[in-house]
Each structure stands twice: as C-alpha cells, then as structure tokens.
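Data first, discussion second: the structure below is written as structure tokens.
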Amino acid sequence: MTGSSASVRLRFAPSPNGRLHLGHAYSALVNEMFAARLGGDLVLRIEDIDPVRSRPDLIAAIEDDLAWLGIGFSGSVRRQSEHLSTYRDAIDALRSRGHVYPCFCSRAAVVAAAGPEPPRDPDGAPLYPGTCRVLSHDERASRLAAGLPHGWRLDTAHALALVSGPHRFRCLDADGLETSHVADPARWGDVLIARRDVPTSYHLSVVIDDAAQGISHVVRGADLMASTDLHILLQALLGFDGPVYHHHALILGPDGTKLAKSRGSESLGDLRARGVTPAEIRRRLGFG
Ligand code: GLU
C-alpha cells in the first residue's frame, strides 16, 4: 500500500457498462486530489453486479483508460461479482432480524399498483406501495417454496423503528471543511436491496464494500447524494461505521444534462483516438 495514513482510504467505483467518459475522469481526478490532500490511499472497485450490462472487455478498457490518465491505485481491484455470497449473507442477516421481506412484484406490477400520481423516490421511481409487505407468513412461505422469482425489500419503517435517528453523517465541502447532515432514509420507501437476478443491489453492495475495503472517505458525484441517506441507514443496520462523504459537481454535456454513453457522450477512448493527451484532459477538467 502507498500513502502515509493507512486509515485514510478512498475509492473510485465505476460500473463496467460503458466506456469511461469525462464525467468519470473528473470523479477519478477529484478522488486523486482528495487522496493526496488527506494523505491516503485510493483503491479501484469495479461495480459489476449487473450480469447483463457488465462486460469483461469494458473492465479491461476502464483499467487501461485510468492507467493512461495516470491515476495510480493501491492494492488489488475489488470486483463486486466475486462477492455475491457476502451480499447474500447480509440479506440473510437482515432477514433474520425482520428488516427485509421478499417481493414478488415485477416492475410493471409496482407501477400499476402505485397508481396514477404516486409519491416518488429521489430517483423518480414510484415509492413501493407495500403489496408484498402485507402478505401473510404462510403466503410468503408458499411462494418462496414454489420458487417464484423475488427480490428483497427493506422494511423501512421496521428498520427505522429499531435504529432510531437522527441519522447523522459527515461531509467535506470542496475546501475540505467538514459539515454535519441528517439523513432522511424514509424518502426511499421500501427500496429493493436485492434484485431478482442478483442477491444484491447497488445500495447494498456499495455499503458492504465501503466497509469491507476500509473506505474512510467516499468521493462521488452529486447525483448520488440522495442515495447517501439510504446508505446511512444500511450502515446502521449492518453495524458499519459511516465514511465521510464528498459529493462533487457533475460534468455536464452541451445540452446541460449529465454525460452518458447512451446520449452519445465522447468516451475517453474516443478522445485518445483523436490524439487528446492525458495532460489536456486534466487541464480541461481543472487539474492542470
Ligand atoms: N458505480 C457507480 C457509478 O458508476 C458509482 C457508485 C459510487 O461511487 O458510490 O456511477
């Protein structure tokens, strides 16, 4: 491991479902800057729980683009797909304490049951109307025994009753000054924390991995700020210390929206092919 303070560790955690673009480069560079400022390590995590969208060639391309950009990472790379049994164990632990319940609803069924103008979570999805929360013990058991496809939802009211708030967390602002915040996990409702196809979700894996990798500071985009409210509750339920957070501004495209490969944003690979240098990218993103 490099770095002068082993207790300070940051991570960059891309999902390998597309090539990295300037938004990713910016996030990696903000991580690099905070790691240097705090005298800590920076580790790489590949968030590849999605069995359909994650591709091995994209993982290789991500590592190659980051090396090209000159970002150094400590230790080995953690790939979430290699830790599914850890996530499964966490679901079992939450289940044994009554914090989660199986949900047999398809996405379409949730939308239909939520009605025409449902309350929505911070990502804009309808809050889960609770269809499977009220299933009887016997009904639940018989559906599980029949092998019906199901995910696992957090029983948020149950969880909040057990770990009562206020749920405080700390953030660093751009100048490195610490601010204190109170999370409001209830705005996510009974969120799905294990999907039908994999025994986890972004929210569960990220909380487990930040703890497993000893992450002291989570530096990520402002688009994930609302998720932090939920992560604070999951940390409390799983007995983890919460890291300090910094949510950085997003790099926007010419149309003012977040960069995305699906909207045709130029990838670092495209920029490299055009002869753009890593130094030019760093300068363009304010790290020159
Ligand atoms: N994997 C997420 C992404 O690529 C980042 C998650 C995080 O930093 O918490 O957007």
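Just so you know, ligand 1 is whichever comes first in the structure, and atom 1 is the first atom listed for that ligand.
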Thr86 side, atom OG1; Asp209 side, atom CG - distance, nearest 0.5 Å: 8.0 Å

Under 3.5 Å side-chain donor-acceptor pair for Asp270 and Ser267: yes

Mutual orientation of the aromatic rings belonging to His246 and Phe34 [parallel < 30°, tilted 30-60°, perpendicular > 60°]: tilted

Under 4.0 Å from ligand 1, counting heavy atoms only: the protein residues, by chain and number: Arg11, Ala13, Pro14, Ser15, Glu47, Tyr202, Val206, Arg220, Leu224

Arg274 bridged to Glu280 by N-O distance under 4.0 Å: no

Residues which pass ring pair (Phe, Tyr, Trp, His ring centres under 6.0 Å) with Tyr202, listed by chain and number, not counting sequence neighbours: His231

His150 and Phe104 aromatic ring geometry - parallel, tilted or perpendicular at 30°/60° bounds: tilted

